[in-house]
Structures are given as structure tokens and as C-alpha cells.
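Order of the sequence lines fixes the chain letters, A, B, ..., with proteins taken first and strands second; residue numbering starts at 1 for each chain.
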Number of protein chains: 2
Amino acid sequence: MDHRLLRTFVTTAQSPTFGAAAARLRITQPALTKQVQQLERLAGTVLFVRGRRGARLTAAGRTLLAEATELDRRLREFDHRLRRLAAGEEGHLALGFGLSSIELAPSLVARFRDRCPEITVALDDLPSSVQVERLRTGRLDGAFVRMPVPPDLEAIPLARDRLAIASARGVEPPGTGVLAAWLEDHPLVRLRPARGPGLTAQVDGMLEELGCRPEIVQEADDLQTVLALTAAHLGVAVVPASAERIAPPGVQLVAIDAPRAEWEVGFAWNPAATSGALRRFLPLLDRGGA
Amino acid sequence: MDHRLLRTFVTTAQSPTFGAAAARLRITQPALTKQVQQLERLAGTVLFVRGRRGARLTAAGRTLLAEATELDRRLREFDHRLRRLAAGEEGHLALGFGLSSIELAPSLVARFRDRCPEITVALDDLPSSVQVERLRTGRLDGAFVRMPVPPDLEAIPLARDRLAIASARGVEPPGTGVLAAWLEDHPLVRLRPARGPGLTAQVDGMLEELGCRPEIVQEADDLQTVLALTAAHLGVAVVPASAERIAPPGVQLVAIDAPRAEWEVGFAWNPAATSGALRRFLPLLDRGGA
DNA sequence: GTGATCCATTCCGCAAGGTTATCGCAGGCC
DNA sequence: GGCCTGCGATAACCTTGCGGAATGGATCAC
């Protein structure tokens with residue numbers, strides 16, 4: 001059962017003559033006659049009685065009309081929704097973000113929600129490895145990730161971030177030159193590696209670069225907790241400088257000026273699966289992230 | 001939006017690979033690929049992420065799937081209903097009957113309901129002129145009518161009926177020879193002409209043939225009332241002999257043996273508008289009406 | 001490397017649908 | 001009665017586009 005036939009049936013039922021129905025459907029009358037005949041062949045029943053003054057539904061036709069009208073309406077709505085989806089006037093945007101974009105993601109998403117209120121946005125906090133996998137399988141439309149990204153994904157850089165020493169106020173970290181020695185004396189609170197593989201790797205890499213292996217006194221499940229423990233003098237921590245935004249009052253962050261302490265944060269997406277909603281989102285980055 | 005594309009979308013979403021979906025749809029994989037591409041062009045969005053191990057829905061595709069599935073299901077149901085309608089396994093039969101078929105119609109319809117319980121039957125009591133008009137405009141599938149019928153309708157004869165004198169028991173009508181004179185002395189109760197134009201014409205014709213113009217003492221709106229008034233000795237009546245079936249105990253019917261007292265009752269339908277349900281009904285007449 | 005698997009592309013044949021032109025039929029109107 | 005008009009059906013033709021077969025290309029397993 002074709003939408004075309006359905007539409008023809010409904011329109012013809014509402015029109016006084018075949019000719020009028022054909023005009024409304026923007027086809028010629030013979031084409032409409034053929035469609036009606038095809039319908040009647042399908043139903044095995046005459047649906048219209050052709051008279052001198054046009055055509056009227058038979059009893060059999062009348063029993064089908066209500067259902068056909070409803071179906072036609074729903075199909076039109078579906079079409080309409082498809083068009084809006086294509087135009088990006090409606091839709092859903094599934095985004096991911098992680099520790100590396102604590103600062104960026106919420107503000108950008110807020111701006112997007114403001115600009116495109118018809119598009120619903122889901123923002124999931126996920127480890128970057130999961131984000132990449134979901135971008136590949138299409139479960140995410142885009143994600144804020146640590147750069148660079150695998151070559152099959154596309155990405156634009158948004159901001160640089162760097163590691164910082166988080167310590168309770170009064171516990172002053174030294175300059176970079178003596179940081180390694182200082183860290184040997186100050187045990188670390190750190191994020192559980194499984195909760196932030198990317199960040200953990202970044203920290204480990206930098207520490208290795210500095211040539212120090214500080215003691216780990218505690219692991220926590222999220223940055224907020226790490227910072228809270230730091231404020232409680234349990235130890236110091238190495239966190240993204242952008243975590244300033246979520247740091248409790250008793251904690252100070254001092255950026256580290258070391259070779260591998262810096263990285264780039266960007267927005268990544270799967271060029272093989274860009275949605276209309278995503279196409280509405282991307283322009284925001286050029287203006288907002290530069 | 002074509003049902004074909006809808007079906008393809010839903011099936012592909014439920015299949016691990018394009019090849020599997022194509023097999024389920026009984027088409028080849030290139031054909032399916034083209035349909036999916038067409039869909040994605042319509043939606044302006046990639047709907048499936050093609051990977052090494054098949055294709056999976058994107059987030060955008062997932063938002064469409066529920067609605068598409070529902071629409072697909074309803075379209076299938078509509079198809080199914082059309083097929084059942086065509087096969088006459090389901091449907092609706094709008095029949096008309098009148099005074100001339102008081103006896104025939106109910107029993108035949110009861111037999112049909114018994115045999116084809118899936119087909120709903122509407123039985124309307126209508127003047128024969130209205131019946132013919134509704135047969136022409138397709139509002140009735142068939143009707144029990146006084147024969148003959150206009151040439152654009154088809155009909156098969158079912159039974160003969162004849163006029164009868166209805167009188168209260170004890171009031172014995174004479175033989176046909178002296179009926180005219182007897183009637184001059186016995187005022188008539190009759191059906192209001194508008195309620196049974198055919199029957200009235202038949203009665204008037206016969207009376208004219210007999211050369212008598214009896215007095216009308218009362219008109220009533222239906223045969224039951226006519227017979228009841230007859231039982232109450234208000235007068236006698238000329239009614240179809242088949243009205244025996246609905247006559248109250250105090251009334252006797254004596255058939256009239258006069259030239260224009262007899263007519264044929266048949267079943268008529270519009271050959272230009274025969275429905276599947278009607279095709280199931282017609283065979284009953286050959287066996288049941290002969 | 002080789003084969004297997006899966007999707008994309010190309011090309012071809014054919015059926016389906018649309019248009020134009022014409023017919024048949026039934027009223028309505030001089 | 002003859003003619004015109006309006007409506008649906010039919011015929012002939014043409015275009016479109018869908019489906020099938022063959023092939024390509026990428027990726028993964030062995």
C-alpha cells in the first residue's frame with residue numbers, strides 16, 4: 001500500500017469529480033482514473049460509483065475512508081518531520097564530554113539550547129575511549145575530547161588546557177624546577193584511572209617526564225572529590241587547570257609549566273554520520289571556541 | 001514517504017547487516033543500499049553507520065525508528081484489511097428492504113450472518129424509490145425490491161407475493177368475483193402512501209382493475225398498525241399475503257385471485273458497484289430463494 | 001598474500017506511472 | 001432533432017526509476 005494511492009483515495013473521496021481530485025493532486029485525470037482502478041483492484045471492490053455528475057464513495061469505500069485518512073495524515077506528519085529533521089529545525093543531539101572539557105561543554109551547550117530550543121540535547125559524561133567508540137557506532141553525534149582524535153573522526157580544536165597542582169590554601173607548590181622534588185614529599189590524591197583514562201595518562205606522562213613517582217594516598221571517583229580531599233589536607237593533586245571552575249574555596253590551583261603538561265581540547269564528530277542537528281551545532285564552535 | 005522505504009528502514013534497523021536486511025526484504029543488497037541512501041537523502045542525515053561488522057543506527061536514526069515502526073505496522077494492517085476485504089472475509093453489507101419483502105429479508109439475512117459472521121450487515125427499511133436511488137449512488141450494496149427494477153440495476157427474482165384481504169376473524173371476504181362489491185361496503189384501513197409507495201400503487205392498480213373505489217377510513221404508518229386496526233374492526237385492509245407472518249392473532253389474510261394482485265420480489269444490486277461482501281451474499285439467493 | 005565479508009558503484013532491462021489525445025456517454029439547450 | 005458540454009475510460013507513447021548482476025574497494029582473519 002503506497003502513500004500515493006492512499007492520498008489519491010482520500011483526496012478523491014473528498015472531491016466531487018475525478019477531474020477535481022486530479023487537479024488537487026497535480027496529476028491529470030487519466031492518471032487518477034488508473035490509480036483509482038488500481039485501488040479497486042487491490043480492494044476487490046468498487047470504491048466509487050461514477051455517475052453523471054461525478055463520483056461518490058460506495059458503502060465499501062466509506063468503510064475504508066476513515067482509516068485511510070488517518071494513515072494519510074500520519075504519513076504526512078512523518079514526511080514533515082523528516083523535512084524538519086533534514087533542515088535541522090528539529091532533532092536530537094547526543095553529545096559526550098569528559099574531564100578534559102569541564103569548562104567548555106556546559107557553556108557551549110547552554111548557548112546552543114538557547115539558539116536552537118527545538119533541538120533536544122543529551123550531554124553524557126563519559127570516558128574518552130567510550131566517547132570515541134560511540135562516535136564510531138553513531139550513538140553519539142559529537143563529543144568534547146582531548147586532541148588529537150583518531151583519523152576516522154573529524155575534530156576542531158577549541159582550547160588549550162594544562163595540568164595544575166591543586167593544594168589546600170597555605171600549601172604553596174614551588175616553581176617547575178623543583179616541582180619533582182616537592183612532589184616526592186607531598187603524597188597525591190588522584191582520580192581513579194578507570195574514571196579518567198585520558199587525564200591519568202596525561203598526568204603519568206608528565207610525572208614521568210619530570211622523573212618523579214609520588215606516593216598515591218587516595219583515589220577518588222570524580223574530580224570534585226579529589227579537590228575536596230585536597231582541601232582537607234589529605235594530599236595534593238594534579239588536575240586540569242580548568243577545574244578551577246569547580247574547585248572549592250579552600251583549594252588553590254597553580255598551573256604547571258612543564259613540557260607535557262599541556263594539551264588541546266576539541267570537539268570531535270564522525271564525518272560519516274553527521275546529523276542535521278550537528279550541522280546546526282558546529283558553527284557555534286567556530287565563533288565560540290576561537 | 002513510501003511504504004517501501006518505511007519497511008526497508010525498519011527491517012534494516014532490525015538486521016545486523018545490509019545483506020541480511022536485503023534478504024529479509026527479498027531484494028538484493030545493492031537495491032537496499034540505494035533505498036537507504038534515498039532515505040538518508042530525504043532525512044538529510046546519515047541514519048546508519050556502516051562498519052566492518054554491519055550497519056547500526058545512528059542517534060538520528062533511532063529517533064525515527066519508533067514512529068517508523070508504528071507507521072509500518074499500521075500500513076501492513078491496512079494492507080491486510082484490504083486483502084480480507086477483497087476476499088470477502090471481512091466487510092460490511094448495507095442492505096435495504098421494504099414492505100414487499102417482509103418475509104424474505106430477515107430470514108435470508110439471518111442465514112447470511114450465520115454463514116459469514118465476519119461481515120457486518122446493516123438492514124434498512126426504506127421506500128423502494130429510496131432504495132433504488134441508494135443502490136445507484138452506492139450507499140446500499142443491495143436491496144430486496146419489487147420487480148422489475150430499472151435496467152441499470154441487476155436483479156434476481158426470489159419469490160412471488162400477492163395481495164390479500166386482511167380482516168378481523170369473523171369478517172369473511174368473498175370470492176374474487178364479488179370482491180369489488182364487498183369492498184364498497186367495507187371501508188379500508190391502509191398504509192400511508194408515502195410509507196410504501198410501491199405497495200400503495202399495487203393496491204390502487206388492483207382496485208382500479210376491479211373497478212371499485214372503497215372508502216379509506218384510516219391511514220397508518222406501518223403494516224403492523226394497519227393489521228392491528230383491522231383486528232379492531234376499524235375496517236379491512238389490502239396487504240401483502242406475506243404479511244401473514246406479522247399479523248396479530250385476530251386477523252385473517254385471504255389471498256386475492258385477481259389479475260394485478262400478484263408481483264414478484266427480487267434482490268437487486270448495482271452491477272457497477274458490487275462489493276466483496278455482496279459477492280459472498282449472492283450465492284445464498286440462488287440456493288435459498290428458488 | 002589470500003580469502004572472506006560487507007557496503008558502494010555501475011550498467012542495463014523493464015515495469016510503472018504520467019501525459020496527450022481521443023472516445024463514449026448522458027444531459028442540457030437552442 | 002442536432003449540437004455542445006462535462007465527465008470518466010481508453011489507447012499510445014514516453015520518461016522515470018527500481019531492481020538485478022557484476023564489480024570494486026576496504027577491512028579483517030589466518
| said: Just to be sure I understand the rule, does A/T28 reach a base, reach only the sugar-phosphate, or reach nothing, if contact means heavy atoms closer than 4.0 Å? | reply: base
* So what does B/G54 touch, heavy atoms closer than 4.0 Å: a base, only the sugar-phosphate, or nothing? -> sugar-phosphate
### Worked check of side-chain hydrogen bond (donor to acceptor under 3.5 Å, both in side chains) between B/T33 and B/Q29
CA-CA 6 Å; B/T33 290; B/Q29 170 263 316; 3.0 Å; yes
Given atom [atom1] of [X] and atom [atom2] of [N], what is their separation to the nearest angstrom?
X     : N      : atom1 : atom2 : answer
A/L39 : C/dG17 : CG    : P     : 11 Å
A/I27 : C/dG17 : CD1   : C1'   : 9 Å
B/R56 : C/dC6  : CZ    : C1'   : 15 Å
A/R50 : C/dA26 : CZ    : P     : 16 Å
B/F18 : C/dA8  : CZ    : P     : 5 Å

Quick one: is A/Q38 getting a side-chain N or O under 4.0 Å of the C/dA16 phosphate, OP1 or OP2? no
| message | C/dA16, OP1 or OP2 - any side-chain N/O from A/Q35 closer than 4.0 Å? | response | no
Regarding the side chain of B/T17, the nearest nucleotide among C/dA8, C/dC6, C/dG18 is C/dC6
Whichever of B/Q29 and B/L32 has the more 5' nearest nucleotide on DNA chain D, that residue is B/L32
So CZ of B/R41 and CD of B/Q38: to nearest 0.5 Å the spacing works out to 5.5 Å
Value for OG1 (A/T69) from CD (A/Q14), rounded to nearest 0.5 Å, stands at 6.0 Å
Can any side-chain N or O of B/E264 pair as donor or acceptor with the backbone N or O of B/P148 at less than 3.5 Å? no
Between A/R52 and A/R4, whichever has its closest DNA chain C nucleotide further toward 5' is A/R4
For A/N270 and A/D152 the tightest heavy-atom approach is OD1-O, 4.2 Å
Only one of A/H3, A/Q35, A/R24 passes side chain to side chain donor-acceptor pair (under 3.5 Å) with A/T8, and that residue is A/Q35
- Given side chains that start at C-beta, do those of B/V132 and B/P150 come closer than 4.5 Å, heavy atoms only? yes
What nitrogen or oxygen pairs link the protein and nucleotides 12-15 of chain C at under 3.5 Å?
none

Exercise. Determine whether more than 12 heavy atoms belonging to other residues, nucleotides or ligands lie under 6.0 Å from atom CZ of A/R139.
Key: no
Contact span of DNA chain D against chain B, any nucleotide atom under 4.0 Å from a heavy atom, 5' to 3', runs D/dC18 to D/dC28
Residues passing the side chain to side chain donor-acceptor pair (under 3.5 Å) test with B/R56, sequence neighbours excluded, are none
